[in-house]
Undergrad: 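A single structure is presented below for examination.
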There are 2 protein chains.
Amino acid sequence: MKDHRHADPRATLKAYIAKHGLKTSRQRELIAEVFFSSTGHLSVDELLERVRAQDARVGQATVYRTMKLLAEIGLAGARQFGDGHTRYEPLQAAEHHDHLICTSCGRIVEFHNTQIEELQARVAKQHGFVVTHHKMELYGMCADCRRK
Amino acid sequence: MKDHRHADPRATLKAYIAKHGLKTSRQRELIAEVFFSSTGHLSVDELLERVRAQDARVGQATVYRTMKLLAEIGLAGARQFGDGHTRYEPLQAAEHHDHLICTSCGRIVEFHNTQIEELQARVAKQHGFVVTHHKMELYGMCADCRRK
DNA sequence: ATTAGTGCAAAAGGTTTGCAGACCA
DNA sequence: TGGTCTGCAAACCTTTTGCACTAAT
């Protein structure tokens, strides 16, 4: 069963393309489809790999351009965890979440905490800010790595 | 009056250098001094500029190498706010803090909130993690920009 | 003396861009 | 048909690295 709390990003993309006089293309649709149906935090290379599994002729630049487009539209969020690769994750399709990152094995766990977000809004307000979005990353060691 | 809640990072650096058979150098001391006496979030180029104001012969690579060393020691923290430049900020000299970033004018405000950190630790524990450090950035609009 | 550090310039690695041709509306 | 999109390769930019030389211990 699909989650319909939010609009289908595919439809949002189509609407944006129509509204801005852009055009759809085989590659763009494939990249978007692979991206939207993925979980997690894909680098461009990882995404390209999955895309090429279905169509080997897709170029790297097209993936970069498509992800930039999706990020502009707000359908993809860029993240930099410090390994030198920009990673993208679907935004609209899922609840907002933050990240727990194991500095030993690199595992990434997502979480979401409403209390923290309330506090964030409060802190921001104290400084005169209205927050539109945030990024929070907790770095540490996961249970598995600690066991060793 | 100086703040002595934490050890002087200059002393920490000296100790590390001695312990690891490294050597001090005019450039390294200058870069560290400029960095430790700065506030905020300096890119390597900004740092280089300030360093060269005092000694024009310092090379860019030396700044990169020195900041990498300081980051290893734990005296500098790397931050990426998405403009393509890694920024460093002094760690030990100040209380830990997070960032409020105005997406309109780029202003960066620091803050610190103990309640949030307690919640972070709790959330991490639920996932089996022990947190060593974290990064939290709140993006939004500051009061000045909202007024316009 | 020995060994680490420096400056320069080249290399590396990720991302962007110019261009000619392909493709969608 | 006209304008957008694509793939390729070159260009770009930040950061890293090799090397010969300088300097600290």
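Here is how names work: the chains are called A, B, and so on, in the same order as the sequence lines, proteins then strands, and each is numbered from 1.
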Undergrad: For the pair made of CZ in Arg87(A) and C1' in dT15(C), what is the distance, rounded to whole Å?
TA: 15 Å
Undergrad: OP1, OP2 of dT16(D) versus side-chain N and O of Tyr64(B): anything below 4.0 Å?
TA: no
Undergrad: Identify, between Lys23(B) and His85(B), the residue whose nearest nucleotide on DNA chain D lies closer to the 5' end.
TA: His85(B)
Undergrad: Rounded to whole Å, how long is the line connecting atom CG of Asp55(B) with atom C1' of dG5(C)?
TA: 14 Å
Undergrad: Specify the separation, in whole Å, of atom CG of Leu48(B) and atom C1' of dC13(D).
TA: 16 Å
Undergrad: On the nucleotide dG7(D), are OP1 or OP2 found under 4.0 Å from the side-chain N or O atoms that Gln27(A) carries?
TA: yes
Undergrad: Nearest 0.5 Å, please: how far is CG in Leu100(B) from CZ in Phe111(B)?
TA: 5.0 Å
Undergrad: Any side-chain heavy atom of Gln54(A) sitting closer than 4.5 Å to one from Leu30(A)?
TA: yes
Undergrad: Nearest heavy atom decides the nucleotide; on that basis, is Leu22(B) or Arg52(B) closer to the 5' end of DNA chain C?
TA: Leu22(B)
Undergrad: Mind calculating the distance between NZ (Lys68(A)) and C1' (dT4(D)) to the nearest angstrom?
TA: 18 Å
Undergrad: Please give me the minimum heavy-atom distance between Phe35(B) and Pro90(B), naming the atom from each residue.
TA: CZ-N, 3.2 Å
Undergrad: In this structure, how many angstroms lie between the P atom of dT16(D) and the CG atom of Asp45(B), rounded?
TA: 13 Å
Undergrad: Looking at CD of Glu46(A) and CG of Leu48(A), how far apart are the two atoms once the value is rounded to the nearest 0.5 Å?
TA: 11.0 Å
Undergrad: Would you indicate, yes or no, if dC24(C) has its OP1 or OP2 atom less than 4.0 angstrom from a side-chain nitrogen or oxygen of Thr24(A)?
TA: no
Undergrad: Give one of base, sugar-phosphate or nothing for Val44(A), where a contact means two heavy atoms less than 4.0 Å apart.
TA: nothing
Undergrad: Between P on dG14(C) and CD on Glu46(A), what's the gap in Å once rounded to a whole number?
TA: 12 Å
Undergrad: Can a side chain N or O of Ser25(A) be found less than 4.0 Å away from OP1 or OP2 on dC24(C)?
TA: no
Undergrad: Which sits closer to the 5' end of DNA chain D, Tyr88(B) or Thr66(A), going by the nucleotide each is nearest to?
TA: Thr66(A)
Undergrad: Determine: side-chain N/O of Thr86(B) to OP1/OP2 of dT15(D), distance under 4.0 Å, yes or no.
TA: yes
Undergrad: For a quick check of understanding: with a heavy-atom distance under 4.0 Å over all strands, which category does Arg65(A) fall into, base, sugar-phosphate or nothing?
TA: base
Undergrad: Between Arg26(A) (CZ) and dG21(C) (P), how many Å, whole number?
TA: 19 Å
Undergrad: OP1, OP2 of dG7(D) versus side-chain N and O of Gln60(A): anything below 4.0 Å?
TA: no
Undergrad: With nearest nucleotide decided by heavy atoms, which residue, Ala61(A) or Arg28(B), maps closer to the 5′ end of DNA chain C?
TA: Arg28(B)
Undergrad: In whole angstrom, what separates Leu69(B)'s CG from dT17(D)'s P?
TA: 15 Å
Undergrad: Do other residues, nucleotides or ligands put more than 12 heavy atoms under 6.0 Å from Gln126(A) CD?
TA: yes
